[in-house]
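Structure first, commentary second.
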Amino acid sequence: MSAAGLDPTQESLLKEECILVDVNDNAIGHRSKRECHEWERIEGEGLLHRAFSVFLFDSSNKLLLQQRSDAKITFPGYYTNTCCSHPLFLSEETEGELGVRRAARRKLNQELGIPLEQISLEDLNFVTRIHYKAKSHGEWGEHEIDYILFMQKDVSLNLNPNEVQFCSYSDVKDVEKLLASAEGGEVKVTPWFKLICDKFLFQWWKKLGDISSCEDKEIHRFC
């Protein structure tokens, strides 16, 4: 652990530059991942950044869930959807939806060890965006415009333990049980995953074969 009590690998990632956006998802600059996740700056400066959440389903329509590593800066040990991260302030990742899909492909490889040749940009289907804010523990929190991406494909996994401690494919009943366990305080689920489950996931799940019919350009506001 560093002097600040942070995992050194995760602390090094705090130097990455996230894309700052306004409430309509227009890029307005960039700040470090550290600054974007400091609750004092979120509340005091209103820092809002672009993010994505991937929902990966296999050919039997089961959803890959993960439990975040205990080393993570925000929401360590929480259960969540397949992959959650940020496009960075890089030329190839600042181009709106296309940049988000490129970032998602990068992180699916980095976090879950899915070979890049198994993930094409066309595999990642944009569904919608949500705007939410949530405090984590200590000085950390999230304030994001989160792009929701669906993908259905059988892939190989090789988990990065610094990012993910556990993964499993789950059906609808499994997810409902997980949410009930979270309500009972037995486990924890990330706030964005709970929002998406409460408002959208189960109706989208029924339309996996025609997920493009669920696409909308609205930013759904939860803060």
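A quick note: this is a predicted structure, and the numbers were derived from the prediction, not measured.
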request  = If you link ILVMFWY side chains whenever their heavy atoms are less than 4.5 Å apart, which other residues fall into the same cluster as L13? By chain and number, please.
outcome  = none

query = For S91, which residues count as a side-chain contact (heavy atoms from CB on, under 4.5 Å) partner, sequence neighbours excluded?
reply = none

inquiry  = Under a 3.5 Å threshold, yes or no: a donor from one side chain and an acceptor from the other, between Q165 and Q66?
reply    = no

message = Within the 3.5 Å criterion, strictly below it, is a donor on E142 or T74 matched to an acceptor on the partner's side chain?
response = yes

query = What residue pairs, at least two apart or across chains, pass salt bridge (Lys or Arg N to Asp or Glu O under 4.0 Å) with a residue in residues 212-223?
reply = E97-K217, E215-K217

message = List the residues meeting side-chain contact (heavy atoms from CB on, under 4.5 Å) with S60, not counting sequence neighbours, and say none if there are none.
response = D58, K62

query = Does Y78 have R68 sitting over its ring (NZ/CZ under 6.0 Å from centre, angle to axis within 45°)?
reply = no

Basic-acidic side-chain contact under 4.0 Å: R50, E144 = no

remark   = When every non-hydrogen atom of L112 is compared with those of L64, the smallest separation belongs to CD1-CD2, 4.4 Å

query = Which residue pairs pass the salt bridge (Lys or Arg N to Asp or Glu O under 4.0 Å) test when at least one of the two sits in residues 197-212, sequence neighbours left out?
reply = K194-D198

NZ/NE/NH1/NH2 to OD/OE distance under 4.0 Å, E11 and R34 = yes

ask   = With sequence neighbours left out, what residues match E95 under salt bridge (Lys or Arg N to Asp or Glu O under 4.0 Å)?
value = R102

Residue pairs fulfilling ring pair (Phe, Tyr, Trp, His ring centres under 6.0 Å) with at least one residue in residues 82-114, sequence neighbours excluded = H30-F89, H37-H86, H49-H86

inquiry  = Taking the ring of W205 and the ring of F57, is the distance between their centroids below 6.0 Å?
reply    = yes

CD (E176) with more than 12 external heavy atoms under 6.0 Å = yes

inquiry  = My understanding is that only residues two or more places apart in sequence, or in another chain, count here; which of them pass side-chain contact (heavy atoms from CB on, under 4.5 Å) with V155?
reply    = L56, I114, Q118, M151, K153, L157, Y169

ask   = Closest approach of L124 and A104, non-hydrogen atoms and distance?
value = CD1-CB, 4.1 Å

key: Within the 6.0 Å centroid threshold, strictly below: Y79 and F193   = no

request  = List for me each residue that meets salt bridge (Lys or Arg N to Asp or Glu O under 4.0 Å) alongside R106, sequence neighbours excluded, and say none if there are none.
outcome  = E93

inquiry  = Tell me every residue that passes salt bridge (Lys or Arg N to Asp or Glu O under 4.0 Å) with E45, counting only those two or more places apart in sequence or in another chain.
reply    = R31, R41

note = I28 meets the side-chain contact (heavy atoms from CB on, under 4.5 Å) criterion, sequence neighbours left out, with L20, D22

ask   = Checking salt bridge (charged side-chain N to carboxylate O under 4.0 Å, His left out) for the pair R129/D146: CA distance, chi angles, key distance, verdict?
value = CA-CA 5 Å; R129 292 169 290 179; D146 191 13; over 6 Å; no

query = Do other residues, nucleotides or ligands put more than 12 heavy atoms under 6.0 Å from K135 NZ?
reply = yes

Residues which pass salt bridge (Lys or Arg N to Asp or Glu O under 4.0 Å) with E139, listed by chain and number, not counting sequence neighbours = none

